[in-house]
Amino acid sequence: MSADSLSIPWASLVGWILIIAGWFYTNHQNNVRESRKELRSFLDNVIKDIDEVQQKALEYYTKSPDETLKLGFEIKASQQRLIAKIERIGRIHSSFKNTIPVIDFMDSITGNDFEILDRKARSFNQTEDPLLMTISLETNKLIDILEVNYCSEFKKLKRMPNIIKLNY
Amino acid sequence: MDSFVISIAKDFSRFPVGRYYKDGPWPGQKFREELLVPALNRCDVVTVDLDGTMGLGSSFLEEAFAGLVRVHKFKKSDLKKKLKFTGSIEAYKTRIWQYISEAD
């Protein structure tokens, strides 16, 4: 048996290995792309919900307690759904496991004088009222952290620090 | 060891509201004084089930749980041993322990 006749099956085997490896690589890339698209779409939905909760919160604090009983329940229910959604992402994608920014967001909205009967309606001025400013800052912080987590999940960027303190 | 489970939704209300009695029918103060404190005084371990409500506000949670230290003078170390939480939302549990540890 000559050396030439042996090299034909080897060439064929290497060819098959390359085809299979190529298929695995392409399949992996497709899975990553699909997973990224799914997460992006889910995240867009979450960010929309965060904005909605923020808008409701700003409306809540600029109206008197007797006008906002129903709105208070809506905020708590929306917030609960939102937290559950973000925690669900964290169970699948490890970059989203940190819940501190969610807790800070939750606190800025339903802490303080939320559902307190003698609360006074605030004037709508996000740049001067400390509470309204905090709500806006915590909203932006949460969205930023979710976006960075998204990037770090797929682009291996350095993750955001666990706790970001806002000073105001 | 005596243990007791309190479900906020079933034993208190699905619509907990506010901090104090004046804020509504189901405030944090009422939950603390009428359910939580008697259970903690009577039992070795009290498990609070946080699921089933239509949402829990931070003001309700702070008053109900930080009030144990602030008003009823429970020791934080005792609460760590006696108080447990169940529920699907981890953020609530984390925050409640923060309230307790920050309470004076």
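In what follows, every chain begins at residue 1, and chains take the letters A, B, ... in the order their sequences are listed.
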> If you count heavy-atom pairs under 4.5 Å with chain B, which of A:Asp118, A:Asp107, A:Ile75, A:Ile109 comes out on top?
Replying inline: A:Asp107
> Which bit of A:Asn112 is near chain B, if near means a heavy-atom gap under 4.5 Å: side chain, backbone, both or neither?
Replying inline: backbone
> Between A:Phe96 and A:Phe42, is the gap from one ring center to the other below 6.0 Å?
Replying inline: no
> Cation over ring, A:Arg119 on A:Phe114, under 6.0 Å and within 45°?
Replying inline: no
> Do B:Phe85 and A:Val102 belong to the same hydrophobic cluster, where Ile, Leu, Val, Met, Phe, Trp and Tyr are linked whenever their side-chain heavy atoms lie under 4.5 Å apart, directly or via other members?
Replying inline: yes
> Got a second to check how far A:Lys85's NZ is from A:Leu82's CG, nearest 0.5 Å?
Replying inline: 7.5 Å
> Heavy atoms under 4.5 Å from chain A: which residues of residues 97-104 of chain B carry them?
Replying inline: B:Gln98, B:Tyr99
>> Between A:Ile83 and chain B, with a heavy-atom cut-off of 4.5 Å, which part of the residue counts as in contact: side chain, backbone, both or neither?
In response: side chain
> Do the side-chain N and O atoms of A:Gln80 and B:Tyr92 include a donor-acceptor pair separated by under 3.5 angstrom?
Replying inline: yes
>> Which residue is it: B:Phe65, B:Phe4, B:Phe12? I am looking for the one with a side chain to side chain contact (heavy atoms under 4.5 Å, CB included) to B:Val48.
In response: B:Phe65
> So which of A:Asp144, A:Ile145, A:Asn149 actually passes side chain to side chain contact (heavy atoms under 4.5 Å, CB included) with A:Pro101?
Replying inline: A:Ile145
> For A:Arg91, is it the side chain, the backbone, both or neither that has a heavy atom under 4.5 Å from a heavy atom of chain B?
Replying inline: side chain
>> In this structure, would B:Leu61 and A:Ile116 fall into the same cluster of hydrophobic residues linked by side-chain contacts under 4.5 Å?
In response: no
> In terms of heavy-atom contacts, does NZ of B:Lys84 have more than 12 from other residues, nucleotides or ligands at under 6.0 Å?
Replying inline: yes
> Does any heavy atom of chain A fall under 4.5 Å from the side chain of B:Glu62, the backbone, both, or neither of them?
Replying inline: neither
> For A:Phe105, does its backbone N or O pair with a side-chain atom of A:Lys141 as donor and acceptor, under 3.5 Å?
Replying inline: no
>> Checking an interface table here. Which of residues 13-32 of chain B come within a heavy-atom distance under 4.5 Å of chain A?
In response: B:Phe15, B:Pro16, B:Val17, B:Gly18, B:Arg19, B:Lys22, B:Asp23
> From A:Leu137 CG over to A:Leu132 CG, what is the distance, rounded to the nearest 0.5 angstrom?
Replying inline: 11.0 Å
> With chain B, which of A:Ile86, A:Leu69, A:Asp113, A:Leu117 has the greatest number of heavy-atom pairs at distances under 4.5 Å?
Replying inline: A:Leu117
